[in-house]
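Just so it is clear, the model here is predicted, and its values are computed rather than measured. Counting starts at 1 for both ligands and their atoms, in listed order.
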Amino acid sequence: MKEEKPKYGWYVKNLIIVFNLVGLLGLTAFIYGFFIDGIIKIILLVSGIAIMLIFLWPGIGMVLMHLFLLGRISLVSKMKALDEIKTPRILDVGCGTGRTAIQIAKTLENGGHLYGIDIYSKLAIPGNALHTVINNARIEKVEEKTTFSYGTAIDIPFEDESFDIINASSVLHEVHDPNGQDKAIQEILRVLKPGGYFYLSEWNRSSWQCIGFGGICCFAFKKNDYWENLLKNHKFKIIKNEIIAGFGIFEAQK
Ligand SMILES: C[S@@+](CC[C@H](N)C(=O)[O-])C[C@H]1O[C@@H](n2cnc3c(N)ncnc32)[C@H](O)[C@@H]1O
């Protein structure tokens, strides 16, 4: 019988397809430009190069990022609170299909529980849905240690001071409401126990990986300082900040 595999999906898969298709049109225009003469030649060569820079660069870059970069990042190995706290109550904000949440849940060998909330936007990950993450947790054999539900980062559906550890991986840049990131951080502070740990990871615009793999799309992301200031403004104590494979990873404490 064929082994059942979890479906985590590719981030922004539809965008990757569109970018590569448009980029290939640019490549076609560029190649065609070589074989004709006159002003059209210049137009085709110049527009071909421009379209390839804008679309093909991030289109191919994002494919390479999924194939070679994402697998290298072990966020769980950076979460020292997982070793420190014996039976932690953990919240993964913006859990999506569970790529990070399920890795965290797998470390809970001696008790503890992971809760995941998300608005399950399909823009970020096609196939993103509550039933997908629940199914992935079942396939990965962590269904007993996990509870997933619908919930937004700007109004977290849990009581004050109810978690030892909170994680938000590649989520806050997607919270677009006015002051949404401030509201999300306030909510994370509210539901975190005093002394509890918050792990934030975000694609860092000033890293070479962001520009190299993301091209022009890199400008959709913030620099590391932005997240650092956001945490400090909300009185989080930053314990560690590392840049790994283009991601700024913060360990902060309430
Ligand atoms: C790039 S995905 C990251 C998913 C997951 N954290 C991971 O590590 O694979 C971003 C996720 O943030 C979610 N999201 C966006 N805005 C949100 C909000 N206001 N509240 C909760 N989740 C949100 C999206 O639905 C999506 O699942």
- Message: Looking only at distances, can you tell me whether any N or O atom of Gly94, backbone or side chain, sits closer than 3.5 Å to an N or O atom of ligand 1?
- Response: yes

- Got an N/O contact under 3.5 Å between Ser169 and ligand 1? yes

Which residue and heavy atom of the protein sit nearest [atom], plus the separation:
atom	value
atom 15 (C) of ligand 1	Glu174 OE1, 3.6 Å
atom 2 (S) of ligand 1	Ser170 O, 3.8 Å
atom 9 (O) of ligand 1	Tyr11 OH, 2.6 Å
atom 23 (C) of ligand 1	Ile119 CG1, 3.6 Å
atom 25 (O) of ligand 1	Asp118 OD1, 2.6 Å
atom 8 (O) of ligand 1	Thr100 OG1, 2.6 Å
atom 19 (N) of ligand 1	Thr152 OG1, 3.2 Å

- Centroid-to-centroid, Phe236 to Phe198, below 6.0 Å? yes

- Output yes when Lys80 and Glu251 qualify as a salt bridge under the 4.0 Å nitrogen-oxygen rule, no when they do not. yes

- Task: In plain terms, say whether Lys232 and Glu228 are close enough for a salt bridge, that is, a side-chain N and a carboxylate O under 4.0 Å apart.
- Result: yes

- Could you state whether Val191 and Phe148 fall into the same hydrophobic cluster, counting links through intermediate Ile, Leu, Val, Met, Phe, Trp or Tyr residues with side-chain heavy atoms under 4.5 angstrom apart? no

- Determine, step by step, whether Lys193 and Asp164 satisfy the salt bridge (charged side-chain N to carboxylate O under 4.0 Å, His left out) criterion, reporting the C-alpha distance in whole Å, the side-chain angles of both residues, the deciding distance to 0.1 Å, and the verdict. CA-CA 6 Å; Lys193 290 181 187 172; Asp164 301 286; 3.2 Å; yes

- Task: Inspect the surroundings of NZ in Lys41 and state if more than 12 heavy atoms from other residues, nucleotides or ligands are less than 6.0 Å away.
- Result: yes

- Is it the case that more than 12 heavy atoms not belonging to Lys13 sit under 6.0 Å from its NZ atom? no

- Query: Mind checking whether Val171 has a heavy atom under 4.0 Å from ligand 1?
  - Reply: yes

Which atoms of ligand 1 have any heavy atom of [X] under 4.0 Å away?
X	result
Ala153	18 (C), 19 (N), 20 (N), 21 (C)
Gly151	21 (C)
Tyr120	25 (O)
Asn128	25 (O), 26 (C), 27 (O)
Gly96	27 (O)

- Which of parallel (below 30°), tilted (30 to 60°) and perpendicular (above 60°) describes Trp203 and Phe247? tilted

- Message: For Asn128, is there any backbone N or O sitting under 3.5 Å from a side-chain donor or acceptor partner on Thr132?
- Response: no

- Taking Arg138 for its side chain and Val133 for its backbone only, find out whether a donor-acceptor pair lies under 3.5 Å. no

- So which bit of Cys95 gets within less than 4.0 Å of ligand 1, heavy atoms only: side chain, backbone, both or neither? backbone

